[in-house]
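What's counted below: heavy atoms across the whole structure, side chains too, no hydrogens, waters or symmetry copies.
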Amino acid sequence: MHATLFARLGRDTRYVLLGFPLAVISFGLVLSGLALGIGTAVIFVGLVLLSVVLVMARGLAHVDRIRLSDLYGRPVMRLPYRTPPKGVGPLRQLLNPISCSRSWLDALHALLRLPLAAVAFIVSVIWWALSLGGVLYPLWGWSLYFIPGYTDVGTFVLPEYPALATLVIYMVGGMLFALTLPLVMRFLARTEATLARALLLAPEDTSVQVLTAKIPGAERQDDHSGPVQQPTGRRFVSAH
């Protein structure tokens, strides 16, 4: 259980911390490209630029799908992109991403994700800093006394033993932040991933169930090995 908890915390933290720099890059590239492409759409070069930006948005979205797969610990699915009809010319193939709604959703995700990723990044950094800073206070707290005019927090709580009071306050506070860290990081990661799932992934079919059934003919036993557990197989069926 502890291994699962730490693994989940690592996935959530990795997803949130990497999300902000990727969001900044995606926002800058897609916004500038769309602005330049739409501004010059009256001429042919603007349409080509829009097509290139949408293809770039596909690549950025693919990176986020890989991150979602890492977050959930399983593969994720997306709807296929629109392909150009057979037999069309190179110009139609070049401009095909403009007529693909999935490509526009990828670009929309690049524009909308930045505020959410920024808030999640800031909260996660603060929570991690308070957790580690409080728990590890005995290792670094002594350095504060080299600051001119520094006053212990414990001076206002327990003037007789200010150093001890400060140590207890920092460590208890750090432990409280550390205990709530997995829940906070999970909330931040899942909140940020909600937007990505809505725009980048195929809708999940809630009517699909996983049934476990016995394999026919598997009830034979080995006389020397005793009873054999019934092997099972998994089938995906629809409730409809």
Does a salt bridge link Arg14 with Asp70, judged by any charged N lying under 4.0 Å from a carboxylate O? yes

How long is the span from the CZ atom in Phe44 to the CG atom in Leu94, to the nearest 0.5 Å? 5.5 Å

Would you say that Tyr72 contacts Arg197 through its side chain, given a criterion of any heavy-atom pair below 4.5 Å between the two side chains? yes

Check whether any side-chain heavy atom of Tyr15 sits under 4.5 Å from a side-chain heavy atom of Leu68, and report yes or no. yes

Which heavy-atom pair separates Val135 from Met175 by the least distance, and what is that distance? CG2-N, 4.0 Å

Within the structure provided, determine whether Leu132 and Phe177 are in side-chain contact (heavy-atom separation under 4.5 Å). no

So, for Leu49 and Gly37, which heavy atoms are closest and what is the spacing to 0.1 Å? CD2-N, 3.6 Å

What are the two closest heavy atoms between Val16 and Ala120, and how far apart are they? CG1-O, 3.4 Å

Can you run down the ring pair (Phe, Tyr, Trp, His ring centres under 6.0 Å) pairs that involve residues 47-68, sequence neighbours left out, and say none if there aren't any? none

Any ion pair linking Arg67 and Asp64 (charged N to carboxylate O, less than 4.0 Å)? yes

Taking side chain as C-beta onward, heavy atoms only, is Phe187 less than 4.5 Å from Asp12? no

CG on Leu36 to CG on Leu31, rounded to 0.5 Å: 11.0 Å

Is the shortest side-chain heavy-atom distance between Arg82 and Arg102 below 4.5 Å? no

Tell me, do Leu200 and Arg78 make a side-chain contact under 4.5 Å, heavy atoms counted? no

Would you name the heavy atoms of Pro97 and Ser103 that are closest together and state the gap between them? O-CB, 3.8 Å

For residues 124-139, which residue pairs pass the side chain to side chain donor-acceptor pair (under 3.5 Å) check, not counting sequence neighbours? Thr13-Trp128, Trp127-Thr180

Closest heavy-atom contact between Leu60 and Val30? CD1-CG2, 4.0 Å

Please report the closest heavy-atom contact between Gly19 and Arg113, naming both atoms and the distance. O-NH2, 3.4 Å

Please examine the side chains of Cys100 and Arg58, heavy atoms only from C-beta on, and report whether any two atoms are closer than 4.5 Å. yes

